[in-house]
Amino acid sequence: MYEAKSIAATALRNQQTRLDTIANNVANANTVAFKGGRLDFKDALYTAGLTPSYPRSPEENQQKGHGVMISHIGREFRPGNLERTEQPLDLAIEGEGWFSLIDANGDILYTRNGSFNLSVEADATYLVSGEGLYVLDVNGARIPVPFGINSIEVDVDGTMRFLSNNNEVSRATLGIYTFRNVYGLSASGNGNFIQTPAAGERLVANEAVVRQGMLESSNVSLAEEMTRLIRTQRAFQLASRALTTADEMEGIANNMRR
């Protein structure tokens, strides 16, 4: 009975984590460029149920499992829909690719959220992300914005042209990259990701198309999340009932009288 309780408790704990993941996805359904989380399970430890010296096969020995455990909490990196905003500093990437940013510690971050702003500082004005991180160009440098410009035009290849009275003052090219294994990227908060050894080599995203005046929406599908929620609730109820049944059986055994 103790093992039955332990297995049921494992299921309850892991299904609760799955519920938390679904809740986070639903809460960020309207967050720009949000990538939904995904929870994967695997079987917990199996042991030989009869004689350990026998071969571990259904014919020779019964295998006794200990429930399930979480194997991976990852992200769904499929692109979201592009929504038009008509704001000149709103940029969206069509296809594979990530904008590059640098934080206060000098770490390079990557994001699909192209809702950019201008940061006016003592020495110059720079292009920054929504949380104030500097946007980097193809050379890994901050992108300065000339004083007195009237407009900014961004070409599909990521080239930014700063204009004054329709005359080009300067230009810069956004640093847009992709990775051999995007699922190896690690989330660092605020829709940003950092490169890890599992992500592999960083590559220039030559196939990426930049759309000015548009933003990528979240890739969370509420219909899919509601389906997962119902399935998770049913699994949670099943594990709860299994725990209750094991407790009742143990109570009957403890209360038996000769």
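Being a predicted model, the structure only gives us computed values, none of them experimental. These values consider heavy atoms only, across backbone and side chains, with no hydrogens, waters or symmetry-generated copies.
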Atom CG of N150: over 12 foreign heavy atoms under 6.0 Å: yes

For salt bridge (charged side-chain N to carboxylate O under 4.0 Å, His left out), just list the numbers for E224 and R78, CA-CA rounded to whole Å, side-chain angles, deciding distance to a tenth of an Å, and then say yes or no. CA-CA 14 Å; E224 290 182 7; R78 65 178 184 271; 3.4 Å; yes

So, does T173 use its side chain to make a donor-acceptor pair with the main chain of V138 at under 3.5 Å? no

Between R171 and E153, is there a side-chain N and carboxylate O pair less than 4.0 Å apart? no

Given F193 and F77, is the ring pair (Phe, Tyr, Trp, His ring centres under 6.0 Å) satisfied, shown in steps? CA-CA 12 Å; F193 293 83; F77 284 109; 5.4 Å; yes

For Y134, does the six-membered ring have the charged nitrogen or CZ of R142 within the cation-pi criterion, i.e. under 6.0 angstrom from the centroid and within 45° of the normal? yes

Would you check if the side chain of R75 reaches a backbone N or O of K35 as a donor-acceptor pair within less than 3.5 Å? yes

Out of curiosity, does L127 fall in the hydrophobic cluster containing I152 (side-chain heavy atoms, cut-off under 4.5 Å, transitive links)? yes

Thinking salt bridges, do E86 and R211 make one under a 4.0 Å N-O criterion? no

Side-chain heavy atoms under 4.5 angstrom apart, residues restricted to Ile, Leu, Val, Met, Phe, Trp, Tyr: same cluster for I22 and M226? yes

ILVMFWY network linking V210 to L89, side-chain heavy atoms under 4.5 angstrom: yes

Run the numbers on Y177 and F99 for ring pair (Phe, Tyr, Trp, His ring centres under 6.0 Å), then give the verdict. CA-CA 7 Å; Y177 303 95; F99 297 111; over 10 Å; no

Has D137 got a side-chain atom pairing as donor or acceptor with I143's backbone, closer than 3.5 angstrom? no

